[in-house]
Structure formats: structure tokens, C-alpha cells
Amino acid sequence: MPERSESDSRKLLRRLRDSLAERGEGQERLNRITSLIADSMHTEVCSIYLFRDAETLELCATEGLRPESVHQTRLRLGEGLVGRVARTAVPVNTADAPAAKGFRFMPETGEEIFSSFLGVPIQRVGEKLGVLVVQSKAARQYSDDEVYALEVVAMVLAEMTELGAFLGEGEALRALHKQPVMFRGGTGQEGAAEGQVWLHEARVVVTNPVADDPLTEIERIRAAVGKLRVSVDDIMAAQSLDKEQKQVLEAYRMFAHSRGWLRRMEEDIQAGLSAEAAVQKEQSAARARMSQVPDAYLRERLHDLDDLSNRLLRILTGQGRDTGAEMPDNPVLVARNIGPAELLEYGRKLRGVVLAEGSVGSHAAIVARALAIPLVINANGIIAEALNGDRILVDGDQGIVHLRPEESVATAFGDKIAMQAQAQQRYAGLRDKPAISTCGTTISLQMNAGLMADLPSLESSGAEGVGLFRTELQFLIRNKMPKRDELARLYARVMDAAKGCRVAFRTLDIGSDKVLPYMKPQDEPNPAMGWRAIRVGLDKPGVLRMQAQALIRAAQGRPLSIMFPFVTEHAEFIAARTHVLGQLKREEALGHATPATIEIGAMLETPSLAFAPRAFFEAADFVSIGGNDLKQFFFAADRENERVRRRYDTLNASFLGFIRQIVARCEETQTTLSFCGEDAGRPVEAVCLAAMGLRSLSMRPSSIGPVKSLIRRTDLQALRKVIEAECAAGVESVRPAVMDFLARPQD
Ligand code: PEP
Ligand code: MG
């Protein structure tokens with residue numbers, strides 16, 4: 001096979017583009033294109049495989065393989081060489097295909113006579129659409145030039161697919177962005193929402209992937225990169241940055257000024273791509289690498305490149321964030337991922353959020369939870385499918401998203417939302433009533449918070465106070481460490497908004513999944529059990545002391561409650577408390593008003609603290625069980641890991657027995673005890689915790705109504721007897737008996 005010249009490539013791309021302009025069905029176009037490519041690349045075979053669903057590729061057109069195998073031959077993602085290209089998004093180039101790892105013989109195609117194989121992914125900005133393959137009889141490795149040329153062709157095919165050039169019969173040739181699609185992701189925040197898609201990053205449409213005149217395109221890309229560099233330099237100049245932030249931004253700037261990046265894009269243009277298509281080609285390659293790189297730092301840098309590519313595309317096309325499109329009244333935000341600050345900016349106007357990536361513990365999830373917006377994470381593939389304005393249903397309880405749903409699905413979903421709204425109304429009627437059980441026990445219901453935006457819920461939910469104020473959210477949503485006075489003002493506003501109700505401020509709980517953007521990430525083998533929470537506070541007491549000062553100043557003579565996260569032993573509590581009391585003395589000496597009263601407590605989140613000496617329970621003014629962490633360590637099941645996080649039931653007899661022991665220890669010393677993990681907000685779990693002796697539960701505001709409603713209908717003493725009888729009988733989980741008891745009419 002002769003070496004390819006640049007003009008060969010350009011000629012082929014132009015012929016491809018012309019075929020897009022010609023009339024005809026998608027299938028005809030595909031057929032024409034495979035023969036054009038085989039002819040231009042001097043190969044006997046050219047085949048196009050497209051996805052028919054997220055897991056299956058289908059042979060959609062071929063020059064050289066048996067025509068009857070078209071639409072018959074199918075491969076799973078990862079199966080055979082084609083499946084491998086699709087899974088890894090990396091080309092496979094081999095002179096001896098049958099001997100290559102993972103080769104799968106497909107007799108219906110007649111491919112056994114073709115020895116060499118070159119497959120490249122067809123992908124659009126990292127979204128996989130299919131695989132383009134050439135094969136030849138002669139056993140030869142394709143040259144780098146040929147691999148490159150085929151990648152450029154694949155890029156154009158990807159853009160043509162997006163523009164709807166290959167529509168036809170069958171799933172593989174279906175129109176993009178038209179059909180109903182369901183995505184199964186994970187639950188980030190419960191709740192159901194219906195609305196219209198609002199894309200965080202507006203979709204950039206490249207209408208012409210092929211360059212008419214490479215010189216003009218090169219001028220365009222140079223001018224755009226020049227603008228980009230100036231804008232990045234401006235960002236850097238405008239900020240007062242500390243050393244570490246400077247280093248991060250410096251790396252970003254370096255990419256913008258990288259000669260290699262511009263050179264590669266210019267080469268793509270020489271090969272026949274338009275400036276926009278060249279940017280997207282390099283962006284796709286970076287995204288493919290991103291999913292392969294294990295090193296977190298390098299992945300971050302590839303993210304930088306991705307971000308720069310987006311900016312560059314916006315400059316080139318004039319499209320992007322500000323497309324002039326108006327946000328619908330009922331927006332459901334769809335994004336690959338989003339930072340907490342950006343999500344906060346959208347605020348409560350969002351009906352729901354769907355992320356293609358993300359994780360339960362991500363900062364965005366924390367904010368979505370605080371704002372009580374239903375959130376589905378890991379909705380893989382949604383970015384490629386969703387268009388602004390599409391109808392979308394978000395089922396945060398199941399982690400399911402319906403895009404452009406069938407009418408029957410939408411109706412069923414509407415019923416679910418209506419039922420939720422009715423229930424909310426019922427709960428609103430209970431707002432001013434106490435959470436008193438039928439046996440006469442009163443439970444104090446409090447709410448969890450972390451943002452100013454949460455505080456209005458104190459009144460609307462009827463919560464008696466804030467049982468957990470997660471102070472780290474204020475640190476997570478900023479891009480630099482907040483200053484003491486700024487925090488003092490904020491905490492004062494929180495106390496003002498609480499109008500005399502108690503707010504238990506938890507000191508900074510970072511580490512594990514909560515990484516501050518401006519702190520050097522720790523590369524720990526097991527962050528959940530690593531340098532986190534009070535461990536960081538004690539090792540770097542400057543921040544702990546600064547926070548204590550801010551809280552004391554904010555109180556301005558009002559009562560103050562502080563608690564430390566993740567206390568594991570008595571000595572840690574004493575050391576942390578000493579820091580706070582030291583600040584109290586200092587503030588007093590400086591003549592500042594000190595709090596009227598100060599109570600200092602600990603969160604019980606590790607089993608060890610339940611076995612601490614009596615002196616700990618005597619020293620702590622109060623103890624709050626952080627059930628999320630406590631459960632993860634009791635069962636040794638990572639709360640972030642979808643595979644195991646629901647594996648063990650909160651109503652497991654051993655766990656409830658453990659809770660009972662903690663209650664007993666606090667009773668011995670008359671230490672106030674509360675529970676502030678997610679389980680406190682689940683009605684059935686909440687009544688069981690109350691039955692085990694907890695008298696104070698803190699939960700997200702929307703759970704207060706449902707929990708109160710069930711408490712008011714339950715005889716906690718009788719429920720405790722049921723639980724104890726079940727435990728004595730040796731059951732694993734008391735749930736079946738509890739459900740049975742709760743379903744019975746109670747007098
Ligand atoms: C907990 O662990 O239960 C808790 C309330 O703290 P967080 O969820 O913030 O870790
Ligand atoms: Mg915790």
C-alpha cells in the first residue's frame with residue numbers, strides 16, 4: 001500500500017462531505033462511504049459498526065465483508081477486536097488479527113481471509129458512537145500515517161452521525177436525540193422531578209467538520225488560541241493567589257500556551273478537518289486518555305485540557321454557555337459533572353440534577369442534598385443524548401432518568417409526583433404539632449444544614465433546631481480558605497436566622513471524600529479511614545482554632561454549641577476541646593463578648609468511641625451519633641461503594657443492639673444523645689431508633705414531616721418489645737417484624 005499524502009486525506013474528507021450533501025437514505029450513504037474509504041485507503045475491507053444500545057455494536061455497512069452480515073453481526077462492548085476498540089477508545093492495529101488478543105471469529109462475515117486489521121473509535125467529544133475498521137489480506141501493520149488518517153475520517157463520521165446523516169431502519173441507525181431513552185444511574189438525592197433539560201455546557205454544533213481551505217482554518221485556529229491565551233492570562237492576573245493555587249493555574253496556563261497542542265490541531269487541519277473538528281478530535285483523544293490514566297494529578301491536568309478545549313470551541317463557534325437560549329421554567333440540569341459553587345449558583349430554581357459522572361459523596365451531591373433537589377449520578381451517556389428543552393423525568397429514589405419519555409411512563413411518573421405533593425401537604429399540617437408517640441414519649445426532631453440557603457427550612461419544616469450544621473460546605477464551595485471574619489459573619493447570620501433555636505456547629509469535617517480544592521490532596525490508600533475530620537483538626541490546629549474564634553465571635557453573647565467530627569478516643573476529644581477553650585480564654589482576654597453558654601460535644605462515628613472510658617461520657621456535654629460513618633465502620637462496608645453500601649440493614653439486630661448500648665452508656669452519665677445520620681430521616685428506621693431510646697433525631701428538613709407522622713402513630717414501647725423479642729429469637733434483621741407491627745392498626 002502506498003504512503004498517504006495529506007492531499008489524499010483532504011480529498012477523501014471532501015468526498016465524504018459531498019456524500020453528506022447528496023440526497024439519499026442513511027444506509028445508502030453508509031454504503032457509499034465504506035467504499036470511498038476502502039478505495040482511498042487501498043484496503044480490501046472497510047466496515048462501520050455503530051452502537052445499537054449502550055452495550056452492543058452492530059455492523060451497519062461494509063465494503064469487502066459479506067453483505068448479508070450487515071445488521072446481523074453484533075458484538076458486545078469489549079468483545080472481539082471491534083469491541084475492544086469501542087471499550088478502550090484506543091485504536092487496534094495488527095498484521096495478524098486472528099492471533100491478536102481478544103479476536104473473535106465471525107464466520108458470517110467471511111473475514112477469515114483478511115489478516116491485517118485496523119480499527120479506530122468513532123467518538124464525538126469522548127462519547128462513543130461506533131468503530132471504523134479497515135482490513136487487508138496482506139499481513140501488514142498499518143503505518144502511523146494511516147492510523148492517523150483513519151482517525152481523522154472517524155472524526156468526520158462522528159460529526160456526520162451527530163448531524164443525522166445516517167438515519168435508517170433499526171436501532172443502530174435511529175435518530176439521535178429523538179427516541180425515549182432510559183438511563184440507570186445511582187441515587188445522589190432522593191425525590192422525583194419532572195422538567196425540561198437544561199444543559200450546563202451548551203452543546204456546540206459543528207456544521208462543517210471538513211476544511212474548505214486549510215490556510216483559512218489555520219488562521220482561525222491561531223487567532224482563537226491567541227484569544228484563549230489572553231483570556232487565561234487575564235484570569236491569572238485578576239486573582240490574588242497563594243502559591244499552591246498559582247501552581248495549579250500555572251499548569252493550566254501552560255496547556256493554553258502549549259505548542260504541541262496547537263501543532264496537533266494544525267496537523268488535523270492539514271489532514272482536512274475544520275478548526276472546530278480539529279479541537280474536538282484532540283478533546284476526544286484527551287477524554288479517552290483521561291479514563292485510562294490512574295494518576296489523579298495527571299487526570300486533573302487532562303481535565304484542564306478538556307476545559308480549555310471547551311473554551312476554544314466557544315471562541316471559534318460563538319456558541320456555548322451564552323447561546324441566548326432561555327432557561328425553561330422547570331429546568332433539570334444535565335451535566336457531565338459540576339462543582340458545588342456552580343450548582344449553588346443555579347440554586348433552588350432547578351427541579352432536578354442529572355450527572356453523567358459524579359459520586360454519592362461528591363461536593364455537588366452534598367449541595368444537591370442540602371438544597372433537597374433530586375439528583376441522579378452516573379447517568380452514563382446522557383450528555384450525548386440530551387438536548388436543551390427535552391422532557392425529562394428524574395427518579396432520585398431509584399437512580400433512574402427517563403429522557404423524552406413515552407406518554408405511559410410520564411403518566412405513571414406524574415402520579416408518583418402528585419402523591420408526593422399530597423403527602424407533603426399532609427405533613428405541612430403537622431408542622432406545629434409535637435412528635436409525640438401514642439405511648440406518650442416526645443422525640444425532638446431537628447434538621448441538618450450546611451448552607452445559609454437551608455435556614456428558611458427551619459420554620460417551614462417545624463424543626464426544633466439544627467442538630468448538625470456541616471461547616472465544611474462553606475469551605476468546599478470556595479476556591480480559597482475562608483477568612484476568620486468572613487466565617488464569623490456567616491455563623492452570626494446562621495444564628496440570627498435560627499432565631500434562638502439551638503444550632504450544633506460541627507467543626508470542619510474534611511478528608512475522605514471531602515477534599516478542599518485549595519488543599520494539597522493526600523494520596524491515601526484508604527481515605528475513609530485516613531487523615532480526616534478531627535485528625536486533620538488536631539494535626540493542623542490553626543484551622544480548628546480559627547473556626548473556634550469565628551464561632552465564639554459569631555455567638556456575641558448567645559449560647560453556642562460545637563461538636564467535633566469523627567472522634568475516636570477520649571484523648572482526641574479532650575485535645576480538641578482544649579483548643580476551643582483556649583480560644584474562649586483568648587477572646588475573653590481581648591475583651592470580646594463570650595457566649596452565654598458553651599456546650600462542646602462529640603460525634604460518635606467510630607465503634608471505638610462507644611467503648612470509651614466513662615470519663616469521656618462525663619466530659620462530653622453531648623454526643624451525636626453520625627450514623628452514616630458509624631454504620632460503614634460497624635459493618636466494614638464503604639458508604640460510597642454502590643456494591644456494598646446497601647448490603648447491611650440498619651435494622652440488623654446487632655446494629656440496633658449496639659445503638660441500645662450507646663444509649664445505655666449515655667444514660668449512665670446523663671449525657672444528651674442524638675442521632676444525625678441519614679437513617680434518622682427514614683421513618684421506619686427513625687421509629688426504631690426512638691424505640692431503642694434515642695430522644696433526639698436530626699435529619700434533612702424534608703424528612704421531618706414523614707418521620708413525625710409515623711412517630712405520632714406509633715407505640716414506641718410496644719415496638720421496642722417487638723424488636724427485643726426478635727433479637728432474642730436470633731433474627732438477622734428485625735425489619736420484617738417491624739413492618740408487620742407498623743402495618744397493624746395500633747390503639
Ligand atoms: C454521619 O457520618 O452520619 C454524618 C452525619 O456525617 P457526614 O455524613 O457528614 O459524614
Ligand atoms: Mg460522618
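First listed ligand is number 1; within each ligand, the first listed atom is number 1. Predicted, not measured: the structure shown is a model, and the values here were computed from it.
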K.L.:
Closest heavy-atom contact between C676 and M603?
P.N.:
SG-CE, 3.6 Å

K.L.:
Taking 4.0 Å as the limit for heavy-atom contacts, which would you say applies to R470 with ligand 1: side chain only, backbone only, both, or neither?
P.N.:
side chain

K.L.:
Could you tell me whether K499 and D496 have a side-chain N and a carboxylate O separated by less than 4.0 Å?
P.N.:
no

K.L.:
If the cut-off is 4.0 Å to any non-hydrogen atom of D629, which atoms of ligand 1 fall inside it?
P.N.:
1 (C), 2 (O), 3 (O), 10 (O)

K.L.:
Suppose we measure from atom 3 (O) of ligand 1 to each protein heavy atom; which comes out shortest, and what is that distance?
P.N.:
N628 N, 2.7 Å

K.L.:
For G677, take its heavy atoms, then give the atoms of ligand 1 lying under 4.0 Å from any of them.
P.N.:
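So the answer, numbered in order with elements, is 3 (O).
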
K.L.:
Can you check whether E472 has an N/O within less than 3.5 Å of an N/O in ligand 1?
P.N.:
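It does not: no N or O of E472 is found under 3.5 Å from an N or O of ligand 1.
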
K.L.:
Yes or no: does R639 have any heavy atom under 4.0 Å from an atom of ligand 1?
P.N.:
yes

K.L.:
Can you see whether F566 has R532 sitting over its ring - NZ or CZ less than 6.0 Å from the centre and within 45° of the normal?
P.N.:
yes

K.L.:
Counting from 1, what ligand 1 atoms have a heavy atom of L468 closer than 4.0 Å?
P.N.:
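Selected atoms, number and element: 5 (C).
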
K.L.:
Given the rule in the salt bridge (charged side-chain N to carboxylate O under 4.0 Å, His left out) test, do D509 and R470 qualify, once you have shown the distances and angles that lead to the verdict?
P.N.:
CA-CA 8 Å; D509 181 10; R470 293 179 160 107; over 6 Å; no

K.L.:
Determine whether the side chain, the backbone, both or neither of I625 has a heavy atom under 4.0 Å from any heavy atom of ligand 1.
P.N.:
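Near ligand 1, I625 shows nothing, with every heavy atom at 4.0 Å or more.
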
K.L.:
So, is the end of the R502 side chain (NZ or CZ) under 6.0 Å from the ring centre of F622 and within 45° of the ring's axis?
P.N.:
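Verdict for F622: a cation-pi partner in R502.
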
K.L.:
Provide, to 0.1 Å, the distance between atom 2 (O) of ligand 1 and the closest protein heavy atom, together with that atom's residue and name.
P.N.:
E605 OE1, 2.8 Å

K.L.:
What is the nearest protein non-hydrogen atom to atom 6 (O) of ligand 1, stated with its residue, atom name and distance?
P.N.:
R506 NH1, 2.9 Å

K.L.:
May I ask you to list the atoms of ligand 1 that are less than 4.0 angstrom from any heavy atom of G627?
P.N.:
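Taking each heavy atom of G627 in turn, ligand 1 has 3 (O) under 4.0 Å.
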
K.L.:
Is it true that some N/O/S atom of D629, main chain or side chain, lies under 2.8 Å from the Mg ion (ligand 2)?
P.N.:
yes

K.L.:
So among L343, L355, V354, which one has a side-chain contact (heavy atoms from CB on, under 4.5 Å) with L333?
P.N.:
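Of the listed options, the one satisfying the test is L343.
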
K.L.:
Just wondering, are more than 12 heavy atoms of other shown residues or ligands nearer than 6.0 Å to CD in E668?
P.N.:
yes

K.L.:
Among the N/O/S atoms of E605, which is closest to the Mg ion (ligand 2)? Give the atom name.
P.N.:
OE1

K.L.:
Hey, can you tell me if F658 and F611 have their rings parallel, tilted or perpendicular (30° and 60° cut-offs)?
P.N.:
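Aromatic pair F658/F611 classed parallel.
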
K.L.:
Just to verify, which of I704, L445, I625 counts as forming a side-chain contact (heavy atoms from CB on, under 4.5 Å) with L697?
P.N.:
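Only one option passes, and that is L445.
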
K.L.:
Which atoms of ligand 1 have any heavy atom of C676 under 4.0 Å away?
P.N.:
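Matching atoms, with element in brackets: 5 (C).
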
